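One structure below.
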Amino acid sequence: MSAQQATLPQAEHPQDALLRTERIPHIWCAGCGIGIAFGSLMSAITKSEIPRDDFAVVSGIGCTGRLAGYIHLDSFHTTHGRAIAFATGLKLARPQGKVIVASGDGDLLAIGGNHFIHAARRNMDMTVICVNNFNYGMTGGQLAPSTPYGAKTTTTPQGSPDEPFNFCSLAASCGATYVARWTALHIRRLTTAIAEALNKKGFSFVEVIAPCPTAFGRRNKIRRSLDLLKLYYDNSVVKNHIAPGEATIDFDNNLVVGKFVDVERPTFLDHYAAINRGEVEAWPATGVDASAAGKRKAG
Amino acid sequence: MKFWREPLDVDQIKVTQGVVTVLEERCKGCEFCISYCSRGVLVMSQKFNRKGYHFPEVIEPKLCVNCHFCEVICPEFAIFSQEAPEAANPGASAGQGD
Ligand SMILES: Cc1ncc(C[n+]2csc(CCOP(=O)(O)OP(=O)(O)O)c2C)c(N)n1
Ligand code: SF4
Ligand code: SF4
Ligand code: SF4
Ligand SMILES: [Mg+2]
């Protein structure tokens with residue numbers, strides 16, 4: 001160590017405060033984008049100034065799902081596809097807590113797809129971070145609901161015949177209050193988006209387009225993670241507040257990134273409290289004219 | 001430093017001098033930090049760490065402006081920058097470097 005370095009204030013990595021450092025190096029491959037997204041999440045948590053004890057981080061199964069095991073907060077590594085269901089229980093049991101779900105595209109939107117749409121519909125107060133690497137990384141690179149049309153995976157060796165989901169559009173149409181997408185190279189904007197999502201009441205969703213060189217890149221002849229990062233970034237266009245349905249993931253100069261939704265809507269817990277306090281009018285609000293019943297002929 | 005249009009107060013702008021620390025044993029040699037450091041501070045070392053990966057090495061310490069980009073892009077939490085202590089930072093000005 002040089003004399004200059006010896007006088008430096010800090011010898012530890014700034015993220016060490018939020019890392020279970022005894023488990024680092026983590027299991028992710030060299031050049032995997034999950035680490036960048038994870039770093040961004042930790043930066044946003046630090047920036048938020050919310051007390052550490054208020055956070056809970058939940059993930060499902062997959063490479064991204066391992067994240068819960070590396071963060072030095074209350075964290076839960078749940079079963080495949082059930083991170084949102086588990087997080088819903090946590091939120092209802094401890095409504096004052098800040099619940100974060102961080103998991104992969106397969107976990108959240110293939111096996112876990114139903115939990116995702118209904119949590120967004122009910123406006124469950126949680127922040128969902130989806131690391132979209134276009135495949136099931138952990139199990140060797142199978143087709144995911146995000147796999148681009150024509151891309152090769154182990155289960156689609158000729159190329160995927162399916163059209164992928166647009167996760168941001170799905171989240172928005174189900175009622176999410178905050179929706180954003182950035183690539184793993186838009187680090188500062190991604191961190192801002194996660195920080196905004198954490199401060200948002202309701203179901204907030206941030207999609208991170210991230211390289212998986214080992215399982216996805218390799219089968220599509222892009223072995224270097226740097227080339228994947230560049231492919232995603234160079235073809236991205238920032239379009240804030242565009243209609244989410246138009247936020248395409250088109251690798252020919254129209255991979256739309258930005259903040260698409262930022263609205264207010266009562267959460268599940270707001271509605272639940274109102275119902276239990278008897279503050280909600282009987283349904284239907286217009287009432288029913290009992291004397292008219294049976295008078296109208298059917299057909 | 002090159003400017004697209006030279007600021008009027010260019011002689012007064014102070015550019016921060018940064019110092020980079022590499023936690024060699026955490027590195028997996030992905031090269032993200034080296035490729036995306038806009039100041040050319042880093043190169044890949046010829047040496048290997050215990051896991052058999054090459055790691056970055058600082059070759060142009062004076063050019064580091066403490067922008068933290070290597071720090072936030074590293075997926076391994078293996079590199080970070082901090083401001084150089086005053087003594088090691090004798091009024092680094094915008095005129096320095098390229
Ligand atoms: C019930 C169940 N079905 C299948 C699996 C096998 N499995 C493990 S991870 C995974 C998919 C992971 O993909 P994704 O969520 O995209 O995470 P990534 O590894 O890409 O980060 C699957 C199908 C499982 N663990 N449990
Ligand atoms: S298989 Fe893919 S997603 Fe999993 S750690 Fe490796 S690069 Fe990352
Ligand atoms: S802090 Fe910025 S200038 Fe310094 S080495 Fe890192 S990326 Fe380069
Ligand atoms: S970004 Fe991190 S892991 Fe990659 S070469 Fe640099 S220090 Fe090593
Ligand atoms: Mg995946």
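From a predicted model like this one, the values you see are computed outputs, not experimental measurements. Letters go in sequence order (proteins before strands), and every chain restarts at 1.
Other residues, nucleotides and ligands contribute over 12 non-hydrogen atoms within 6.0 Å of the CD atom of B/E25. Counting non-hydrogen atoms of other residues, nucleotides and ligands closer than 6.0 Å to CD of A/E49 gives a total of 12 or fewer. Within 6.0 Å of CG on B/D9 lie more than 12 heavy atoms contributed by other residues, nucleotides or ligands.
Of residues 209-223 of chain A, not one residue has a non-hydrogen atom less than 4.5 Å from any non-hydrogen atom of chain B. Inspection of non-hydrogen atoms places A/I24, A/P25, A/H26, A/I27, A/W28, A/C29, A/A30, A/G31, A/C32, A/G35, A/I36, A/F38, A/G39, A/M42 of residues 24-44 of chain A under 4.5 Å from chain B. Heavy-atom neighbours of chain B within the stretch residues 179-196 of chain A, taken at a separation under 4.5 angstrom, comprise A/L185, A/I187, A/R188.
Both the backbone and the side chain of B/I73 come within contact range of chain A, with heavy atoms under 4.5 Å apart. Only the side chain of B/Y36 comes within less than 4.5 Å of a heavy atom of chain A; its backbone N, CA, C and O stay farther away.
At a threshold of 4.5 Å between non-hydrogen side-chain atoms, the residues B/E71 and A/Q15 do not count as touching.
In this structure, CG on A/D16 lies 9.5 Å from CZ on B/F77, to the nearest 0.5 angstrom. The OG1 atom of A/T21 lies 11.0 Å from the CG atom of B/L23; values are rounded to the nearest 0.5 Å. Note that SG of B/C30 and CZ of A/R224 are 10.5 Å apart. Values are rounded to the nearest 0.5 Å.
Partners of A/S146 under the side chain to side chain donor-acceptor pair (under 3.5 Å) rule, at least two apart in sequence or in another chain, are A/D105, A/N132.
Judged by distance alone, the side chain of A/H13 and the main-chain N or O of B/I79 form a donor-acceptor pair under 3.5 Å.
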